[in-house]
Amino acid sequence: MRSIVKTNPKKQITPWSYLATLLAVHLVFLLLALVGVFDLPIKQLCSIQLTSLLLILISAGILFIKNNGDAAAQTFRFLIISVTQLLGYLSASLALIYTDQSVELVLYLLGLSLSVLILQTSYLVRRLK
């Protein structure tokens, strides 16, 4: 049975391009924090960055381990990645809120997560065309 989802063989999703794209978002947020846009302690900033990087590594594992290139399975993997990351970022945000962390730290995590999810979605959809 032919798949409805079409993939372009020239626009292959590779682990390195996927991780480089999402690491660029983290680098931008780190630079913004170091410049002084975000007034956060380095220890808290690093913990948020590491939490987000852990979620990205988990999503890369879901996306690339035992990937046979089937377009229908790829679409299902994208759905699993999105749900996993949304729940992970929500859990981290709730943990920050319930431990009475600063509002700036929670907003930093929410901004980082929103940027990662938007960039990841556009990256994956463009590669799927």
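Starting from 1, each residue takes its place in the sequence as its number.
Separating the CD1 atom in Ile97 from the CG atom in Leu109 is a distance of 9.0 Å, to the nearest 0.5 Å. Between atom CD1 of residue Ile56 and atom CD of residue Gln49 there is a gap of 9.0 Å, rounded to the nearest 0.5 Å. With rounding to the nearest 0.5 angstrom, the CG atom of Leu53 is 8.0 Å from the CG atom of Leu112. If you take OG on Ser113 and CG on Leu55, they are separated by 9.5 Å, rounding to the nearest 0.5 Å. To the nearest 0.5 Å, atoms CD1 (Ile62) and CZ (Arg77) are separated by 9.0 Å. The line from CD1 of Ile80 to OG1 of Thr75 is 11.0 Å long, rounded to the nearest 0.5 Å.
With hydrophobic clusters built from ILVMFWY side chains whose heavy atoms lie under 4.5 angstrom apart, Leu114 does not share a cluster with Val25. Ile48 and Ile118 fall into different hydrophobic clusters, where Ile, Leu, Val, Met, Phe, Trp and Tyr are joined by side-chain heavy atoms under 4.5 Å apart, directly or via other members. Linking Ile, Leu, Val, Met, Phe, Trp and Tyr residues whenever their side-chain heavy atoms come within less than 4.5 Å places Phe76 and Phe78 in a single cluster. Val116 and Leu31 are assigned to two separate hydrophobic clusters, defined by single-linkage of ILVMFWY side chains at heavy-atom distances under 4.5 Å. If you chain together hydrophobic residues whose side chains sit under 4.5 Å apart, Leu110 and Leu30 fall into the same group.
Contact of the Leu63 side chain with the Leu124 side chain is registered, since non-hydrogen atoms from C-beta on lie closer than 4.5 Å. At a threshold of 4.5 Å between non-hydrogen side-chain atoms, the residues Leu40 and Glu104 count as touching.
Remark: the Gln120 side chain and the Tyr18 side chain contain an N/O donor-acceptor pair separated by less than 3.5 Å.
Residue Leu45 forms a side chain to side chain contact (heavy atoms under 4.5 Å, CB included) with just one option from Tyr108, Phe29, Phe38, and that option is Tyr108.
Environment of CZ in Phe64: crowded, with over 12 heavy atoms of neighbouring residues, nucleotides or ligands closer than 6.0 Å.
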Could you walk me through whether Leu19 and Leu57 satisfy the side chain to side chain contact (heavy atoms under 4.5 Å, CB included) test, starting with their C-alpha distance in whole Å, then the side-chain angles of each, then the deciding distance to 0.1 Å, before giving a yes or no? CA-CA 8 Å; Leu19 289 173; Leu57 289 176; 4.3 Å; yes

Residues 89-96, side-chain donor-acceptor partners within the protein, below 3.5 Å, at least two apart:
unit_1, atom_1, unit_2, atom_2, d
Tyr89, OH, Ser52, OG, 2.6
Ser91, OG, Leu87, O, 2.8
Ser93, OG, Tyr89, O, 2.9

